[in-house]
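Notes to accompany the following structure.
Nothing here was measured: the structure is a model prediction, and the numbers come from that model. Throughout, residue positions are numbered sequentially from 1 according to the sequence presented.
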Amino acid sequence: QVQLVESGGGSVQPGESLRLSCAASRSTPSTVCMGWFRQAPGKEREGVAVTNIGGSTIYSADSLKGRFTISKDNAENTVYLQMNSLKPEDTAMYYCAASKYPCYSGTWNISSAYEHWGQGTQVTVSS
């Protein structure tokens, strides 16, 4: 069983930055595609960004491009989410997700496409 451990969440003011980390306890083939989702209170879980650990493919939400960037450390089987210029509407629980299948353009932002999930890390943006 793959364990995903997130860290880096917290409370910040609008305009500030945070960097989330997600470390997987095991490497491929269980973590071919890894990335981030988020869920705000009363809303559905939505895809933020994902990447293929063994490649360069990245899929991300159009609305977050320019502020959120996903990166990875293949050797450590870790993905990061750099979040800049945070806004109150970014407040949510952020979840790390992993799949044994490659990230795919048609399903990257669908929760059911991922077999493994972290416990989540809270991000709160408030003045």
Side-chain angles (χ1 to χ4, degrees):
Q1 182 70 17
V2 175
Q3 289 187 328
L4 304 176
V5 180
E6 304 107 330
S7 61
S11 295
V12 297
Q13 295 187 341
E16 294 185 339
S17 299
L18 280 174
R19 188 192 194 205
L20 306 183
S21 299
C22 172
S25 60
R26 287 169 51 189
S27 60
T28 57
S30 298
T31 55
V32 175
C33 175
M34 288 181 66
W36 297 94
F37 281 68
R38 70 182 184 181
Q39 187 167 20
K43 294 188 177 181
E44 293 187 355
R45 191 169 297 190
E46 62 175 350
V48 175
V50 300
T51 183
N52 283 324
I53 293 300
S56 59
T57 301
I58 291 175
Y59 297 107
S60 58
D62 289 339
S63 61
L64 300 176
K65 289 179 180 177
R67 294 195 301 122
F68 287 19
T69 303
I70 189 170
S71 60
K72 60 185 178 176
D73 182 333
N74 289 356
E76 298 295 328
N77 218 42
T78 299
V79 293
Y80 305 95
L81 184 68
Q82 179 67 42
M83 305 184 293
N84 298 328
S85 302
L86 283 162
K87 304 176 181 180
E89 51 262 44
D90 295 318
T91 295
M93 186 72 78
Y94 284 71
Y95 296 93
C96 182
S99 173
K100 61 184 178 182
Y101 303 105
C103 304
Y104 173 57
S105 61
T107 60
W108 76 268
N109 58 350
I110 299 175
S111 299
S112 59
Y114 299 84
E115 303 90 50
H116 309 290
W117 291 88
Q119 293 299 308
T121 185
Q122 179 67 38
V123 172
T124 301
V125 185
S126 174
S127 56

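Under the side chain to side chain donor-acceptor pair (under 3.5 Å) criterion, no residue pair touches residues 47-59, with sequence neighbours excluded. Counting only residues at least two apart or on different chains, no salt bridge (Lys or Arg N to Asp or Glu O under 4.0 Å) pair has a member in residues 69-89. The disulfide (SG to SG under 2.5 Å) contacts involving residues 98-127 comprise C33-C103, where partners must be two or more places apart or lie in separate chains. For residues 51-65, every residue pair satisfying the salt bridge (Lys or Arg N to Asp or Glu O under 4.0 Å) rule, not counting sequence neighbours, is listed here: D62-K65. Residue pairs meeting the side chain to side chain donor-acceptor pair (under 3.5 Å) criterion with at least one member in residues 3-21, sequence neighbours excluded: S17-N84.
Cluster membership for V48 and Y104, using ILVMFWY side-chain heavy atoms within less than 4.5 angstrom, is not shared. M93 and L64 are not part of a single hydrophobic cluster, where members link through side-chain heavy atoms under 4.5 Å apart.
Side-chain contact between T91 and S126 is absent, with no heavy-atom pair separated by less than 4.5 Å.
To the nearest 0.5 angstrom, I70 atom CD1 is 9.0 Å from C22 atom SG. Atoms CE and CG, on M83 and L18 in that order, are 4.5 Å from each other to the nearest 0.5 Å. The distance from atom CE of M34 to atom NE2 of H116, rounded to the nearest 0.5 Å, is 10.0 Å.
In this view, D90 and R38, R67 satisfy the side chain to side chain donor-acceptor pair (under 3.5 Å) rule, not counting sequence neighbours. In this view, F37 and Y114, W117 satisfy the ring-ring contact (aromatic ring centres under 6.0 Å, His included) rule, not counting sequence neighbours. Qualifying side chain to side chain contact (heavy atoms under 4.5 Å, CB included) partners for K43, counting only residues two or more places apart in sequence or in other chains: A40.
N74 and I53 make their closest contact through OD1-O, 2.8 Å (heavy atoms, listed as atom of the first residue, atom of the second, distance).
Within 6.0 Å of CD on Q122 lie more than 12 heavy atoms contributed by other residues, nucleotides or ligands.
Each of F68, Y94, Y95, Y80 was scored for a side-chain contact (heavy atoms from CB on, under 4.5 Å) with L20, with one residue passing: Y94.
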